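None of the values given here were measured: they were computed from a predicted structure. In listed order, ligands and their atoms are each counted from 1.
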Amino acid sequence: MNPSELQFLERLLTTPSPTGYESEGVKVWKQYTEQFSDEIITDAYGSCAARLQVGEENSTVLIEAHCDEIGMVVQHISEQGFVYVNKLGGSDSTIARAKKVIIHNRNGQVSGVTGNTAIHLQTNKNGGGKEPSWKDIYVDIGVSSREEALELVQIGDPITYEASFEFLNDDIITARALDNRIGGFIIAEVLRKLSLERDRLAVNVIAVNSVQEEVGGFGARMMTYRLDPDIALVTDVTHATDTPGIDQKEHGTVLDLVFNMVEPIIPVLFVI
Ligand SMILES: [Zn+2]
């Protein structure tokens with residue numbers, strides 16, 4: 001991976017893009033793909049498409065990745081100023097405790113830490129011994145009253161986990177929102193590499209970074225009706241089954257192939 005690819009990947013992964021509020025993440029993807037595409041198309045939902053057009057008569061292949069990520073949303077603010085949350089998309093409440101989070105609003109970002117009754121103080125009455133559900137999770141934003149909290153956040157503001165990006169070794173990264181910013185990276189890189197060999201390209205190619213997958217796939221649906229491709233290749237993450245506790249006889253064999261996915265897609269588009 002060269003430095004500009006790496007910088008693009010890092011920007012994608014560290015730019016919050018909670019479902020329904022994806023504009024910052026889409027902006028990063030658009031700024032990269034508009035450098036080598038013939039046309040950029042956006043729609044009212046906020047999805048973005050980048051097109052390589054070789055001819056009117058050629059078939060069109062759509063390659064897609066959703067740009068939104070799961071998170072939380074502000075549901076209630078207590079008299080003491082604690083911010084109670086609910087899930088945004090398919091978030092898991094059991095991993096939401098003791099995390100640094102960012103609450104996003106029209107004025108910018110507010111930092112906080114997710115809390116839950118400490119295990120030392122838990123009893124049967126306050127959920128002791130059980131995994132927390134969303135009603136048990138709150139965010140401490142460092143204020144002492146509801147009035148103070150309301151100066152910083154509003155009911156309905158989206159929340160994401162703090163940005164992180166790190167190489168664990170030469171090939172493996174850890175980051176928030178790999179689902180599915182890594183797909184956005186793959187389709188952008190496929191389009192960039194195709195643009196360098198467009199004389200060999202047999203089809204028109206449209207890469208789509210679509211919004212609102214986590215709540216129903218609405219962005220991809222709207223773009224697909226509008227662009228009307230002949231074929232679509234859709235990228236997303238799934239669960240690796242080479243981790244402890246998963247029976248491959250039941251779930252199949254899924255290994256980490258993420259960084260290898262750009263190259264296999266490209267030859268297909270030369271021969272379709
Ligand atoms: Zn996904």
Side-chain angles (χ1 to χ4, degrees), residues 8-30 32-33 42-43 45-50 61-73 86-96 99 101-102 104 134 158-165 172-191 206-225 227 229 231-243 246 251-262 264-265:
F8 171 54
L9 177 61
E10 182 166 0
R11 280 193 69 204
L12 269 184
L13 286 166
T14 55
T15 304
S17 188
T19 192
Y21 304 84
E22 300 93 342
S23 58
E24 291 303 312
V26 172
K27 205 181 295 176
V28 172
W29 192 87
K30 174 174 171 285
Y32 189 71
T33 53
T42 56
D43 68 18
Y45 272 23
S47 299
C48 183
V61 177
L62 185 150
I63 52 177
E64 192 270 352
H66 70 84
C67 64
D68 56 322
E69 69 185 76
I70 59 174
M72 293 164 271
V73 62
N86 208 333
K87 66 177 179 178
L88 197 59
S91 294
D92 180 353
S93 61
T94 64
I95 58 166
K99 296 282 199 312
V101 296
I102 309 290
H104 305 268
W134 284 110
I159 304 170
T160 53
Y161 293 112
E162 186 183 47
S164 63
F165 177 84
I172 307 292
I173 59 171
T174 173
R176 196 203 78 251
L178 279 161
D179 176 9
N180 188 25
R181 236 51 67 71
I182 198 67
F185 173 79
I186 289 169
I187 62 170
E189 281 301 292
V190 166
L191 200 73
I206 309 176
V208 177
N209 206 206
S210 58
V211 299
Q212 295 185 33
E213 186 273 345
E214 300 289 356
V215 288
F218 301 119
R221 192 179 307 173
M222 187 167 181
M223 267 293 187
T224 306
Y225 277 119
L227 299 169
I231 305 171
L233 300 175
V234 177
T235 66
D236 206 340
V237 303
T238 188
H239 302 284
T241 60
D242 57 348
T243 50
I246 299 176
H251 296 285
T253 302
V254 182
L255 310 176
D256 81 88
L257 294 167
V258 168
F259 280 112
N260 300 330
M261 284 309 295
V262 173
I265 293 175

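For Lys99, the salt bridge (charged side-chain N to carboxylate O under 4.0 Å, His left out) criterion is met by no residue, not counting sequence neighbours. Taking Glu64 as the reference, nothing meets the salt bridge (charged side-chain N to carboxylate O under 4.0 Å, His left out) condition, with sequence neighbours excluded. Applying the salt bridge (charged side-chain N to carboxylate O under 4.0 Å, His left out) rule to Lys87 yields no partners; only residues at least two apart in sequence or on another chain are considered.
With Asn180 contributing its side chain and Thr235 its backbone, the two residues share a donor-acceptor pair below 3.5 Å.
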side-chain hydrogen bond (donor to acceptor under 3.5 Å, both in side chains) assessment of Glu22 paired with Tyr45: CA-CA 10 Å; Glu22 300 93 342; Tyr45 272 23; over 6 Å; no

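Each of Leu12, Leu9, Asp236, Leu13 was compared with Ile182 under the side chain to side chain contact (heavy atoms under 4.5 Å, CB included) criterion, and only Leu9 meets it.
For the Zn ion (ligand 1), protein N, O or S atoms closer than 2.8 Å were enumerated as His66 NE2, Asp179 OD1, Asp236 OD1, Asp236 OD2, with waters left out.
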